[in-house]
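Here's the structure, in structure tokens; my notes come after.
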Amino acid sequence: MNPTERVLRTMDGLPVDRVPVMCAGLEDRTANEIMGKPIIPPKALFRNPFMKHVLNNHQKISTHIAHNAINGGMEKHTKAAIRFGFDAMWLACGENMVILDYDTMANINGLIYNLIEDGYGNMSYMYRGPAIRSSKDFEEWPYFESPDDYAQRIYKFYKRMLDKYGEDICIFACPCGGLQDSLLLSVGIGNAPLWMKKEKKLTEQYLDWCSDIIFNSVTAVLDAGAKVILIGDDFAQKTGPFFGPKMVNEVFGPFYRKVIKAVHARSARMLLHSCGDNTLLFDTFISWGFDGFHAFEPTSNVDIYSEKRLHGDRITIMGNVGVDYLLTERSTAEEVVEEVRRLIDGLAQGGRYILAAAHSIDTVPRFQIESHGGSSPCIRRILNASNPVNSLTQTNHEDVAGYLL
């Protein structure tokens, strides 16, 4: 059973040889631990007087450099995920980013990021704040790209990745940000409710543009051959949603129903990543037609086991493996094994469960690297022993020491 078949059958509630595991994203440090560090660290390439001049004075060139750097990193992350032994990979791309100056990046949607070093010789970016704080900012924002032009670039990236790696891993294509997430982060979390009430016309214009970007890019990756689309749209905080179910449904529901219908018409699946506690919104998401949900942050108030009991016969559940402690260098092999066993025992029966970290993986515990010969693909061997082997209701827990996610 190949990875894509295992994943799709799991989503349909059909028997599989074992529970699949999805990579929710790797940081450069993690990929380098598996694939090897680059000869010239990205920090050395980006943090020098010549590059400072380019980034500050030649935006078109610097943005092209950024696209290549981010997309190249995503390809390295995919190779690392395959070597790890993951069945699926959340794959984003860098086509929606632009360089503003030596220290600043932006998303075409209106998000500003700090261009930073990660402390391990790599470059990264961290959300700084909104770019569109007023109607004037909205009217003057120069990076609202044509949805058709964006979709054409997206197609080329995902077509290449699917052709090269589609047989080895099920790619969860994430070509752009989600609708609510884009609004909240582009105008500001505190300012967004005011926009929705007092700047209704501008809010509608912004959401219309975002909707076209999302719909066209999703269509593009389906054309490229993707079987699974994953949209990242954080509807909640640790303790509950930003907006109530009624408002969420009224404002964002019509679009998501439209795009999910288009995805299903192509016999593909549509998944939602939403951080925080989405307990009050799961029924709303299901009514829109989503096939599954990811994150179920263990540090939030969400109860993944309760959601499995309530909705596990209709949607696929992914996540809940913590990255704040469990998947760090501070944990022990025994702790990782115990938690994986608990999740599989509580969630795998009946199918529609994919084991996954709640967020991207920042580092790989050294005991896990060293115990499997550096970059050996240990997940396959471990999962063959630790997951259901004959049916979805039988589990074998032999030889799970050193489990690596």
Side-chain angles (χ1 to χ4, degrees), residues 21-48 51-52 55 62-86 88-99 102-107 111 113-128 157-158 160-161 164-165 168-169 171-175 177 230 232 273 321-324 326-330 356-366 368-370 372 374-379 404-405:
V21 60
M22 189 270 284
C23 176
L26 302 173
E27 303 296 334
D28 285 341
R29 177 190 175 190
T30 314
N32 290 342
E33 287 178 325
I34 300 303
M35 301 301 298
K37 296 181 179 180
I39 297 175
I40 303 177
K43 175 183 175 181
L45 292 174
F46 278 84
R47 285 296 187 248
N48 60 73
M51 186 57 70
K52 184 173 185 178
L55 297 183
S62 59
T63 294
H64 180 70
I65 292 172
H67 288 174
N68 287 338
I70 296 173
N71 291 342
M74 291 299 102
E75 182 163 6
K76 185 174 185 178
H77 296 177
T78 302
K79 292 178 181 178
I82 293 170
R83 184 171 291 186
F84 267 146
F86 284 102
M89 170 74 176
W90 175 353
L91 182 61
C93 70
E95 296 295 327
N96 58 351
M97 304 297 290
V98 295
I99 293 285
Y102 184 66
D103 297 308
T104 311
M105 295 183 69
N107 187 296
L111 288 67
Y113 298 89
N114 292 322
L115 184 59
I116 61 173
E117 306 160 22
D118 70 349
Y120 297 91
N122 307 297
M123 298 302 298
S124 186
Y125 48 94
M126 184 68 67
Y127 177 68
R128 180 193 301 173
F157 172 75
Y158 283 101
R160 179 171 64 84
M161 294 297 290
K164 291 181 69 173
Y165 305 109
D168 301 315
I169 196 165
I171 290 177
F172 289 6
C174 184
L230 189 152
H273 162 85
V321 180
V323 298
D324 57 316
L326 193 67
L327 296 184
T328 71
E329 293 174 325
R330 303 191 306 277
H359 296 287
S360 60
I361 303 171
D362 179 62
T363 184
V364 178
R366 296 311 311 172
Q368 296 171 348
I369 293 286
E370 294 163 358
H372 292 285
S375 61
S376 63
C378 62
I379 286 184
L404 172 62
L405 186 61

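Positions are given from 1, in the same order as the sequence printed here.
- The minimum heavy-atom distance between Ala358 and His273, with the atom names listed, is O-CE1, 4.1 Å.
- Put simply, CD1 on Ile116 and CE on Met126 are 4.5 Å apart, with the number rounded to the nearest 0.5 Å.
- Note that the CE atom of Met89 and the CD1 atom of Ile82 stand 9.0 Å from one another [nearest 0.5 Å].
- Counting heavy atoms from C-beta outward, Met51 and Leu45 have side chains that stay 4.5 Å or more apart.
- Side-chain atoms of Phe157 and Met74, non-hydrogen and from C-beta on, do get closer than 4.5 Å to each other.
- Taking each heavy atom of Met97 and Thr63 in turn, the nearest pair found is O-CG2, 3.6 Å.
- For Asp103 and Asn114, the side-chain atoms include no donor-acceptor pair closer than 3.5 Å.
- Residues Ala69 and Phe46 approach most closely at CB-CZ, 4.1 Å, considering heavy atoms.
- In this structure, Tyr113 and Tyr127 have perpendicular ring planes: the angle between them is above 60°, well past the 30° mark.
- Counting only N and O atoms by type, the side chains of Asp28 and His77 include a donor and acceptor under 3.5 Å apart.
- The distance from atom CG of Asn122 to atom OG1 of Thr30, rounded to the nearest 0.5 Å, is 9.5 Å.
- Using modelled atom types, no side-chain atom of Asn107 and backbone atom of Leu111 make a donor-acceptor pair closer than 3.5 Å.
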Should Tyr125 and Ile70 be marked as a side-chain contact (heavy atoms from CB on, under 4.5 Å) after you check the CA-CA gap, both sets of side-chain angles, and the distance that decides it?
CA-CA 11 Å; Tyr125 48 94; Ile70 296 173; 4.1 Å; yes

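- Checking Asn71, Ile169, Leu91 one by one against Met161, the side-chain contact (heavy atoms from CB on, under 4.5 Å) holds for a single residue, Leu91.
- Of all heavy-atom pairs spanning Pro41 and Gly121, the tightest one is CB-O, 3.6 Å.
- Pairing each heavy atom of Leu55 with each of Ser62, the nearest pair is CD2-CB, 3.3 Å.
- Using a distance-only test at 3.5 Å, with no hydrogens or angles considered, a donor-acceptor pair links the side chain of Tyr158 to the main chain of Cys174.
- Using a 4.5 Å heavy-atom cutoff, the side chains of Arg128 and Thr104 are in contact.
- Using a 4.0 Å cut-off between charged side-chain N and carboxylate O, Arg29 and Glu329 make a salt bridge.
- Taking CE of Met105 as the reference point, atom CG of Leu115 lies at 6.0 Å (rounded to 0.5 Å).
- Partners of Ala106 by side-chain contact (heavy atoms from CB on, under 4.5 Å), not counting sequence neighbours, listed by chain and number: Val98, Leu100, Ile112, Trp141.
- When all heavy atoms are compared, the tightest approach of Ser360 to Val323 is O-CG1, 3.9 Å.
- Distance CD/Glu75 to SG/Cys93: 13.0 Å, rounded to 0.5 Å.
- For the pair Asp168/Phe86, no side-chain contact is recorded, criterion being any heavy-atom separation below 4.5 Å from C-beta on.
- Looking at Glu117 and Arg47, their side chains come closer than 4.5 Å, going by heavy atoms from C-beta outward.
- Surrounding NZ of Lys76 are more than 12 heavy atoms belonging to other residues, nucleotides or ligands, all under 6.0 Å away.
- Inter-residue side-chain proximity for Leu327 and Val321 is flagged as met; some heavy-atom pair is nearer than 4.5 Å.
- Looking only at atom types and distance, the side chain of Tyr120 has no donor-acceptor partner in the side chain of Glu27 under 3.5 Å away.
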